[in-house]
Amino acid sequence: MSGSSGGGGGGGGGDIFVIDTIQCDSLVINTQLSSPKADVVGRLTKGDELTVVLEKYAGGQVVVVAKHNGDVAGGLTAPETARLRACMEQGTSYNGTVLEVNGGQVRVRVHPA
């Protein structure tokens, strides 16, 4: 198992290099919302558009979140999140399309707005 995990980590490092070279206007990420907010998730349906923004929290931590009608639906944490954040800081805007809602889990496709 540890060999398998190590291989995944190595592959992830390679992916990060490739991700860093993707143009901001071509960056598309399929991921799942992290720490989904139940009250917002309950209002989501397949095909809904979410606004992807950077939110600054107490202590100066900046996170990438997806919002539905102004309410935080959840965070975005994927290997590509660092690239996404850099692109957003450079001025590229992103939305997220809800691909699937399964109980409290929400899969989204993040794409340039």
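Starting from 1, each residue takes its place in the sequence as its number.
Of all non-hydrogen atoms in Cys24 and Pro112, the two that sit nearest each other are O-CG, 3.8 Å. When every heavy atom of Ala66 is checked against every heavy atom of Leu50, the shortest pair comes out as CB-CD1, 3.9 Å. Between Val41 and Gly103, the shortest heavy-atom contact is CG1-O, 3.8 Å. Scanning all heavy atoms of the two residues, the minimum distance from Thr51 to Asn95 falls at CA-OD1, 3.9 Å. Nearest heavy atom pair, residue Leu54 against residue Met88, reads N-CE, 3.7 Å.
In this structure, CG on Leu33 lies 9.0 Å from OG1 on Thr77, to the nearest 0.5 angstrom.
Looking at Arg85, its side chain does come within 3.5 Å of a backbone N or O of Val62 through a donor-acceptor pair. Without hydrogens or angle criteria, Thr92 side chain to Asp25 main chain gives no donor-acceptor distance under 3.5 Å.
Using a 4.5 Å heavy-atom threshold, the side chains of Val101 and Thr45 count as separate. Contact check for Leu27 versus Arg83: side-chain heavy atoms found under the 4.5 Å cut-off. Counting only heavy atoms from C-beta outward, the side chains of Glu100 and Gln105 never approach each other to under 4.5 Å. With contacts defined as side-chain heavy-atom distances shorter than 4.5 Å, the pair His68/Asp48 qualifies. Contact annotation: the side chain of Lys46 never approaches that of Arg107 to less than 4.5 Å [non-hydrogen atoms, C-beta and beyond]. At least one side-chain heavy atom of Ile29 sits under 4.5 Å from a side-chain heavy atom of Leu84.
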Practice item. Would you please test Val28 and Arg109 for side-chain contact (heavy atoms from CB on, under 4.5 Å) and show each step? Key: CA-CA 7 Å; Val28 176; Arg109 173 173 289 131; 3.6 Å; yes
Review point. Going through the checks in order, is the side-chain contact (heavy atoms from CB on, under 4.5 Å) test met by Gln61 and Glu55?
Key: CA-CA 8 Å; Gln61 181 183 17; Glu55 287 240 326; over 6 Å; no
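With hydrophobic clusters built from ILVMFWY side chains whose heavy atoms lie under 4.5 angstrom apart, Val40 does not share a cluster with Val52. Connection of Val98 to Val64 is established within a shared hydrophobic cluster, with ILVMFWY side chains joined at heavy-atom distances below 4.5 Å, either directly or through further cluster members.
The 12-atom threshold is exceeded at CZ of Arg43, counting heavy atoms of other residues, nucleotides or ligands nearer than 6.0 Å.
Through direct or indirect side-chain contacts shorter than 4.5 Å among Ile, Leu, Val, Met, Phe, Trp and Tyr, Val72 is connected to Val53, Tyr57, Val63, Val65. Taking Ile, Leu, Val, Met, Phe, Trp and Tyr as hydrophobic and joining them when side-chain heavy atoms fall under 4.5 Å apart, one finds Leu99 isolated, its cluster having no other members.
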